[in-house]
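Here's the structure, in structure tokens; my notes come after.
Worth saying up front: this structure is predicted, and the values here are computed from it rather than measured.
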Amino acid sequence: AELAGGIYKIEAEADGYYSVSQTIQLKADDNKTLAFNLKPKLGSLQFSITPNDANVKLLKDGLFIKSWEGLAYVKDLIIGNYQLSVSRYGYQSISQYIRIEEKKKETLNIILKKGEANGFPFRENGKRGLKNSDHQIIIPAKYDEIYPFSEGLALVELNDQWGFIDTKGKIVIPLKYQGAWSYSEGLAAVKLNDQWGFINIKGEFVIPLKYQLTQSFSDNLASVLLND
């Protein structure tokens, strides 16, 4: 940018990082380049799961962060909202959001319920699909991410776009969302334009896009975050 000569204060900031500033003096026709190295604000996660060989994945803003099985202590996480997904064959998979706060340890103890998983994920050639309880392929491995069927639809992701398929593998809710949750009580939370809302089985919005964060409905209620 072209600036007149004078004294300027330059500030740099980003979510989850400490802001920095620098005062500079410019003369006419000066050409200066500034580089800032922002220091992250960090927290940690103490996690346990039953059964202790369940697979756990941690994502932030739809991006993969880390995966593990069983107990884990994850330190030096940049503060903010994370998505935690837990699955094991023969158990019901779950997903939930957690909030990492600065200089605090988030402690979670999750117990999976036994039951039909409505398909369980498998990986092949770098892609993921679903198998049934007899280890037969019901959805070929062609997605970057896939979750078990819930209320007849499975949540899938390809090239950072989320949508839903039916039990025949047909895409019934287009892959166009930045993020999503599996259907629960007839509704699915979806993220578009950095806001969350809820759609029905037909893909129609019944709760508009206006939330910063949501979780799935349970007993006619859903947790939401309107302002950070």
Side-chain angles (χ1 to χ4, degrees), residues 45 47-72 74 82-98 108-191 198-203 214-218:
L45 171 65
F47 182 88
S48 63
I49 181 69
T50 302
N52 61 14
D53 60 347
N55 180 260
V56 185
K57 287 187 294 184
L58 188 68
L59 301 95
K60 191 175 192 296
D61 298 326
L63 299 177
F64 175 81
I65 301 297
K66 184 180 179 67
S67 66
W68 67 88
E69 291 185 356
L71 299 173
V74 186
Y82 289 79
Q83 181 182 356
L84 195 69
S85 299
V86 187
S87 62
R88 185 188 184 280
Y89 173 65
Y91 291 78
Q92 297 178 19
S93 301
I94 66 170
S95 294
Q96 70 178 69
Y97 274 104
I98 60 173
L108 285 178
N109 179 24
I110 294 179
I111 300 176
L112 295 184
K113 296 179 180 179
K114 287 188 176 182
E116 175 56 46
N118 296 320
F120 64 95
F122 73 97
R123 182 179 294 276
E124 184 178 86
N125 297 325
K127 296 293 183 180
R128 296 174 67 87
L130 290 177
K131 291 184 178 181
N132 61 20
S133 57
D134 295 323
H135 297 276
Q136 298 174 324
I137 295 175
I138 53 178
I139 301 296
K142 61 180 181 179
Y143 295 101
D144 295 329
E145 188 57 87
I146 189 168
Y147 289 88
F149 284 99
S150 178
E151 302 186 7
L153 298 179
L155 174 62
V156 296
E157 178 263 323
L158 187 63
N159 299 325
D160 297 325
Q161 299 292 305
W162 296 80
F164 294 86
I165 61 173
D166 63 16
T167 54
K168 295 182 180 180
K170 179 183 177 181
I171 296 175
V172 293
I173 306 294
L175 278 67
K176 63 179 183 180
Y177 297 105
Q178 293 172 291
W181 288 111
S182 294
Y183 275 92
S184 177
E185 300 185 5
L187 298 176
V190 294
K191 183 181 182 182
F198 289 86
I199 58 174
N200 60 20
I201 295 293
K202 297 180 180 180
T214 62
Q215 291 191 4
S216 297
F217 271 88
S218 177

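Heavy-atom minimum distance, Ala141 versus Glu124: CB-CB, 3.8 Å. Heavy atoms only, all atoms of each residue included: Gln215 and Phe198 are closest at O-CZ, 3.5 Å. Across Tyr143 and Glu157, no two heavy atoms sit closer than the pair CB-O, 3.7 Å. Between Ile138 and Gly119 the shortest heavy-atom distance is CD1-CA, 4.1 Å. Minimum heavy-atom separation, Gly70 to Ile49: CA-CG2, 3.4 Å. Taking both residues in full, the closest heavy atoms of Asp166 and Leu153 are given as CA-CD2, 3.8 Å, listed atom of the first, atom of the second, then distance.
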- [ ] Go through Thr167 and Phe149 one step at a time and tell me if the side chain to side chain contact (heavy atoms under 4.5 Å, CB included) criterion holds.
- [x] CA-CA 8 Å; Thr167 54; Phe149 284 99; 3.9 Å; yes
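At least one cation-pi condition fails for Lys191 and Tyr177: the charged atom is not both under 6.0 angstrom from the six-membered ring centre and inside a 45 degree cone around its axis.
Ile110 contributes atom CD1, which lies 10.0 Å from atom OG1 of Thr50 (distance to the nearest 0.5 angstrom). To the nearest 0.5 angstrom, Ile165 atom CD1 is 9.0 Å from Leu175 atom CG. Expressed to the nearest 0.5 Å, how far CG of Asn109 lies from CZ of Phe47 amounts to 8.0 Å. Summarising the geometry, atom CD belonging to Glu151 is positioned 10.0 Å from atom CZ belonging to Phe164; distances are rounded to the nearest 0.5 Å. In this structure, CG on Leu112 lies 11.0 Å from CG on Asn52, to the nearest 0.5 angstrom. Taking NZ of Lys142 as the reference point, atom CG of Asn125 lies at 14.5 Å (rounded to 0.5 Å).
Side-chain contact check for Trp68 versus Leu58: some heavy-atom pair is nearer than 4.5 Å. Counting heavy atoms from C-beta on, the side chains of Pro121 and Leu130 come closer than 4.5 Å.
Applying the side chain to side chain donor-acceptor pair (under 3.5 Å) test to every pair with at least one member in residues 180-189, sequence neighbours left out, gives no pairs at all.
Not a single donor-acceptor pair under 3.5 Å links the side chain of Asn159 to the backbone N or O of Gln161.
The side chain to side chain donor-acceptor pair (under 3.5 Å) test applied to Asp144 returns Lys127, not counting sequence neighbours.
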